[in-house]
Amino acid sequence: MDEVKQLVSDIKNRNFKPIYFLMGEEPYYIDKVSDYIQETVLTEEERGFNQMVLYGRDVTIDEIVGNAKRFPMMAEYQVIIVKEAQDLSRTIENLVEYAKNPQPSTILVFNYKYKTIDKRKSLYKTLNKTAIVYESKKLYDNQVPAWINRVLAGKNYSITPKGAQMLTEFLGTDLSKISNELDKLRIVLPEGTQITPELIEVNIGISKDYNNFELHKAIGYRDVVKANKIINYFGENPKDNPMVLTVGFLYTYFSRVLHLHGLKDKSSRSVAAALKISPYFTEEYIVAARNYPMKKVSAIISDLRVFDVKGKGVGANAVPQSDLLKELMVRIMY
């Protein structure tokens, strides 16, 4: 995030580099930086002759270099953006000669998504000397709520910890998808609003009562009635609540409980740091550790591995997922 801010700040101050090689598993920031260059470097009048968008599947490295060596017309710079540049992965090393001596009046941007170039080869080493190389790494699940908080704070909104967790659970780590949902909330909610689970339920459609977050909590507190209500809801709405996701979230949950059992310092601050969770949720994990001894947690994790396979249809083709979930709850809570 800080690296992106510095990148944007340098571009805003017109401190340009001749090549921006934007790569990595997370496309969100690649698109953001590329779009910012596309929208701000040239004036509207200059773009007609001096801005070009190419696509990796349609061009060769030689064609890109040929365009990059042109001089701008009635402007200080020309901008060339190569989208889906990962389609050039087999020949991308051919860029190295141009990268050694790039045209200073050309700003050449590569959107190289979902992968990275080989850092042992010449192109990467050369780009690091003459260009900007930015690697956009995918966030882990436990980093997404903090990212949501930062994005909303920048727009003068806030969100409750439970709300951020609900969005993470429902949308995963796809920052573009999360950003789109946050934009929808900002359209309907006035600036300064604190986004709550209730507002998320009304405006996005994620149930505040029947979701994996609430299931974890019910299981952790050994609330059998509530856990079964949630499981029944999942069974009635399998498309919105696939078993593979439920088992995956439970595996993460009980892995953290097992980790907690091994901690010497079980204070709230220590637990939050060790499990990489918000302090808001530490009490729930501490209670779960009391309710589920280490031996039981190990057995649950073993069961979850078995049910993960069954949920994918191996050895349980004729068994409805609703029945598998009910059986899993019995194994966990009794």
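FYI, side chains are in, hydrogens and waters are out, and symmetry mates aren't considered; it's all heavy atoms of this structure. Here, residue 1 is the first one in the sequence, and each next residue gets the next number. Predicted model, so just to flag it, every value in this text is computed and none were measured.
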**Q** Is the count of non-hydrogen atoms from other residues, nucleotides or ligands lying under 6.0 Å from K226 atom NZ greater than 12?
**A** yes
**Q** F307 ring centre to K310 NZ or CZ under 6.0 Å, with the angle to the axis within 45°?
**A**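 Yes, K310 sits over the ring of F307.
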**Q** Can you see whether E236 engages N232 through a side-chain donor-acceptor pair at a distance of less than 3.5 angstrom?
**A**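 No, because no side-chain N or O of E236 sits under 3.5 Å from a partner of the opposite role on N232.
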**Q** Going by distance alone, is a donor N or O of one side chain under 3.5 Å from an acceptor N or O of the other, for Y253 and E284?
**A** yes
**Q** Kindly state each residue pair satisfying ring pair (Phe, Tyr, Trp, His ring centres under 6.0 Å) with at least one member in residues 219-239, sequence neighbours excluded.
**A**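 Output for this query lists Y210-Y233.
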**Q** So, does R222 use its side chain to make a donor-acceptor pair with the main chain of Y292 at under 3.5 Å?
**A**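 No, R222 side chain to Y292 backbone: no donor-acceptor pair under 3.5 Å.
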**Q** Is the count of non-hydrogen atoms from other residues, nucleotides or ligands lying under 6.0 Å from K266 atom NZ greater than 12?
**A** yes
**Q** K162 and salt bridge (Lys or Arg N to Asp or Glu O under 4.0 Å): which partner among E169, E201, E198, E214?
**A** E214
**Q** Regarding E135 and T116, do their side chains bring together a donor and an acceptor under 3.5 Å, going by distance alone?
**A** no
**Q** Under the criterion salt bridge (Lys or Arg N to Asp or Glu O under 4.0 Å), which of K138, K32, K115 is the partner of E26?
**A**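 Result for salt bridge (Lys or Arg N to Asp or Glu O under 4.0 Å) with E26: K138.
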**Q** Can you get from V41 to Y134 by hopping between Ile, Leu, Val, Met, Phe, Trp and Tyr side chains that sit under 4.5 Å apart?
**A** yes
**Q** Tell me every residue that passes side chain to side chain donor-acceptor pair (under 3.5 Å) with T130, counting only those two or more places apart in sequence or in another chain.
**A** none
**Q** Is it the case that atom NZ in K296 sees more than 12 heavy atoms from other parts of the structure closer than 6.0 Å?
**A** yes
**Q** Would you say that more than 12 heavy atoms from the other residues, nucleotides or ligands in this model lie under 6.0 Å from the CD of E191, or not?
**A**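 Yes - once you tally the heavy atoms of other residues, nucleotides and ligands closer than 6.0 Å, there are more than 12.
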**Q** Taking atom types as modelled, find out whether R256 and Y285 have a side-chain donor-acceptor pair closer than 3.5 angstrom.
**A**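 Result is yes, a qualifying pair exists.
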**Q** Drop me the distance from M23's CE to S89's OG, to the nearest 0.5 angstrom.
**A**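 Output value for this atom pair is 13.5 Å.
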**Q** Below 30° counts as parallel, above 60° as perpendicular, anything between as tilted: where do the rings of Y112 and F21 land?
**A**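 Tilted: the ring planes of Y112 and F21 meet at 30° to 60°.
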**Q** Side chains of T60 and D62: do they bring a donor and an acceptor to under 3.5 Å?
**A**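 No - no donor-acceptor pair under 3.5 Å links their side chains.
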**Q** Rounded to the nearest 0.5 Å, what's the gap from CD on E93 to CG on L123? Could you check?
**A**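 If we round to the nearest 0.5 Å, E93:CD and L123:CG are 5.0 Å apart.
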**Q** If the condition is side chain to side chain donor-acceptor pair (under 3.5 Å), which residues does N237 pass it with, not counting sequence neighbours?
**A**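 Testing N237 for side chain to side chain donor-acceptor pair (under 3.5 Å), a comparison that skips the adjacent residues, returns none.
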